[in-house]
Amino acid sequence: MEKIKMTTPLVEMDGDEMTRILWAMIKEELLTPYIDLNTEYYDLGLIHRNETDDQVTIDAAEATKKYKVAVKCATITPNHARMSEYDLKKMYKSPNGTIRAILDGTVFRAPIVVKGIEPCVKNWKKPITLARHAYGDIYKNTEMLIDKPGKVELVYTSADGEETRSLIQEFSRPGIAMGMHNMQASIESFARSCFNYALDTRQDVWFGAKDTISKTYDARFKAVFQEIYENEFREKFESAGLTYFYSLIDDIVARVMKAEGGFIWACKNYDGDVMSDMVSSAFGSLAMMTSVLVSPNGYYEYEAAHGTVQRHYYRHLKGEETSTNSVATIFAWTGALRKRGELDKNVELSRFADHLEKAVIRTIESGKMTKDLALITSLENPVVLNSREFILAVREELDKIYAQTV
Ligand code: NAP
Ligand code: MG
């Protein structure tokens with residue numbers, strides 16, 4: 001087979017630890033034998049971030065604006081332990097946070113559904129995509145411990161000096177208080193990202209918040225979604241046969257449990273944080289969860305939802321065998337390659353992405369899998385493969401698929 005050509009580069013962001021090892025294996029065994037891989041490479045591994053004072057992360061995000069599609073390996077977010085482990089100049093911010101701040105947007109997470117890894121919710125037949133707003137609310141809050149009698153007020157002083165206040169609570173006894181905010185523009189881009197992604201992936205959008213209790217704050221989210229839907233998306237949704245609806249978050253939660261999946265669940269920041277862990281673990285495994293950052297300006301960054309699998313990496317360094325699941329990282333590549341193919345009208349490239357995903361699913365459904373899945377599969381007598389063996393088994397399936405299609 002002749003190698004598939006790429007007209008525009010993908011932005012490739014390499015990362016850390018075990019996922020960096022998998023990254024190289026995936027390229028070597030599953031990509032470069034089939035594709036004339038055209039990437040602009042940025043090494044976001046912590047060593048290189050430290051060497052460049054984290055400039056490489058900013059450069060990679062800027063390159064994503066230029067080329068529109070990026071694929072990212074998991075990276076270490078430094079903490080105190082990493083400061084000494086990597087002899088860091090400073091405690092750099094999370095690369096995902098830096099990239100998100102530059103690209104703006106919404107993170108969509110969806111499970112990869114295969115037979116043999118059954119969701120605990122028995123009626124879930126199709127993936128549920130969780131769209132998490134990634135700005136504000138309690139993640140950018142101010143909190144106070146109240147330890148003597150007094151009152152807490154919300155005060156807004158406008159730039160021209162006008163003051164608006166409202167009483168939060170009179171405290172006669174100790175208590176706690178918190179202030180938080182969000183931005184109209186950020187809520188708007190959240191809504192647009194959800195609706196665009198829905199059109200892209202042909203799924204309905206469900207959005208839930210608590211506007212009956214939060215009559216200004218959550219009500220704003222509800223109103224912004226509705227306005228943007230009516231003004232910019234209703235027609236496109238109707239002609240695609242898709243629907244958008246808003247309901248109270250508690251009603252949405254109840255409906256999600258009864259549904260069969262196949263929709264996008266838009267969540268405010270905190271709801272998305274909590275619910276994405278619930279949805280991913282109910283679907284089986286963090287190692288089977290894809291993640292894509294979609295910016296309102298049409299930039300896409302694909303990655304796995306899990307981290308760098310540090311414990312496996314330390315075993316790998318000691319020369320021990322690992323059985324680390326590369327599925328979500330492979331799907332980060334296929335997501336990016338398919339999107340590159342769509343944007344460039346490169347049918348062969350998009351088809352390759354479809355084939356590779358099919359090969360991964362067939363491999364697992366034939367009983368060959370990594371240890372994490374073998375522990376939870378409903379298939380009898382699964383064959384447990386190590387990290388490289390699994391990737392080679394996928395390659396075998398991929399070759400079979402190509403042999404059948406020519
Ligand atoms: P993690 O890397 O997701 O791993 C947590 C545990 O989950 C692993 O120890 C492993 O369990 C299991 N696991 C996760 N992915 C797996 C896979 N692909 N195959 C098999 N098992 C898998 O989370 P962490 O250990 O909390 O974080 C490690 C580093 O990743 C941290 O430095 C953190 O900053 C970073 N991180 C990065 C991102 C990102 O770049 N998007 C996201 C989260 C965390 P067992 O050890 O029991 O097998
Ligand atoms: Mg969380």
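Excluded from the calculations below are hydrogen atoms, water molecules and symmetry mates; all remaining heavy atoms, backbone and side chain alike, are included. All ligand and atom numbering here is 1-based and tracks the order in the structure.
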Could you say whether the N/O atoms of [X] and ligand 1 ever approach to under 3.5 Å?
X	answer
V309	yes
R311	yes
T324	no
A74	no
H306	yes
H312	yes
D372	no
T77	yes

Step by step, work out the side chain to side chain donor-acceptor pair (under 3.5 Å) result for T308 and T19. CA-CA 5 Å; T308 59; T19 41; 5.3 Å; no
To the nearest 0.1 Å, how far is atom 29 (C) of ligand 1 from its closest protein heavy atom, and which atom is that?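 For this ligand atom, the closest protein heavy atom is T308 OG1, 3.0 Å.
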Closest approach of any protein heavy atom to atom 17 (C) of ligand 1, naming residue and atom: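 For atom 17 (C) of ligand 1, the nearest protein heavy atom is A287 CB, 3.6 Å.
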Heavy-atom check, side chain of I102 versus side chain of E62, under 4.5 Å: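 With C-beta onward as the side chain, the pair touches.
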Are R388 and E29 close enough that some pair of their side-chain heavy atoms sits under 4.5 Å apart?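 R388 reaches E29 side chain to side chain.
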Would you say E40's side chain and P9's backbone share a donor-acceptor pair under 3.5 angstrom?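 Side chain of E40 to backbone of P9, a donor-acceptor pair under 3.5 Å: no, none is there.
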For D344, give me all partners under salt bridge (Lys or Arg N to Asp or Glu O under 4.0 Å), at least two apart in sequence or on another chain.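 Partners of D344 by the salt bridge (Lys or Arg N to Asp or Glu O under 4.0 Å) criterion, ordered by chain and then number, come out as R340.
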Honestly, is K68 close enough over Y299, meaning NZ or CZ under 6.0 Å from the six-membered ring centre and within 45° of the axis?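 Checked: cation-pi criterion not met.
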In the complex you have, is [atom] within reach of the protein, judged by whether a heavy-atom distance drops under 4.0 Å?
atom	answer
atom 7 (O) of ligand 1	no
atom 25 (O) of ligand 1	no
atom 47 (O) of ligand 1	yes
atom 43 (C) of ligand 1	yes
atom 1 (P) of ligand 1	yes
atom 36 (N) of ligand 1	yes

With a 3.5 Å cut-off and no angle check, do the side chains of Y135 and N269 form a donor-acceptor pair?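 No donor-acceptor contact under 3.5 Å links the two side chains.
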Looking only at heavy atoms, is any part of E303 under 4.0 Å from ligand 1, and if so is it the side chain, the backbone, or both, or is it neither?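 E303 to ligand 1: side-chain contact only, backbone stays beyond 4.0 Å.
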Which segment of R82 sits under 4.0 Å of ligand 1 when only heavy atoms are counted: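 Near ligand 1, R82 shows its side chain, while the N, CA, C and O stay back.
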Considering only NZ, NE, NH1 and NH2 on the basic side and carboxylate oxygens on the acidic side, decide whether K27 and E12 come within less than 4.0 Å.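 Looking at E12 together with K27, the answer is yes, because their closest N to O distance falls below 4.0 Å.
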Between D43 and R20, is there a side-chain N and carboxylate O pair less than 4.0 Å apart?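 Answer for the salt bridge query: yes.
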For N96, atoms of ligand 1 separated by under 4.0 Å from a heavy atom: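 In order of numbering, the contacting atoms are 39 (C), 40 (O), 41 (N).
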Should you measure from each heavy atom of G307, which atoms of ligand 1 turn up under 4.0 Å away?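 Checking each atom against G307, I get 1 (P), 2 (O), 3 (O), 30 (O), 36 (N), 37 (C), 38 (C), 42 (C), 43 (C), 44 (C).
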Close aromatic pair by centroid cut-off 6.0 Å: F245 and F207: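 When the ring centroids of F245 and F207 are compared, they turn out to be at least 6.0 Å apart.
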Below 6.0 angstrom between ring centroids: does that apply to Y246 and F225?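 For Y246 and F225, the ring centres are not under 6.0 Å apart.
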Non-hydrogen atoms of K72 versus ligand 1: any pair closer than 4.0 Å?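 K72 counts as a contact of ligand 1 under the 4.0 Å cut-off.
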Over all heavy atoms of both residues, which pair between F171 and P174 is shortest? Give the atoms and the distance, please.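 Nearest pair, atom of F171 first, then P174: CD2-C, 4.5 Å.
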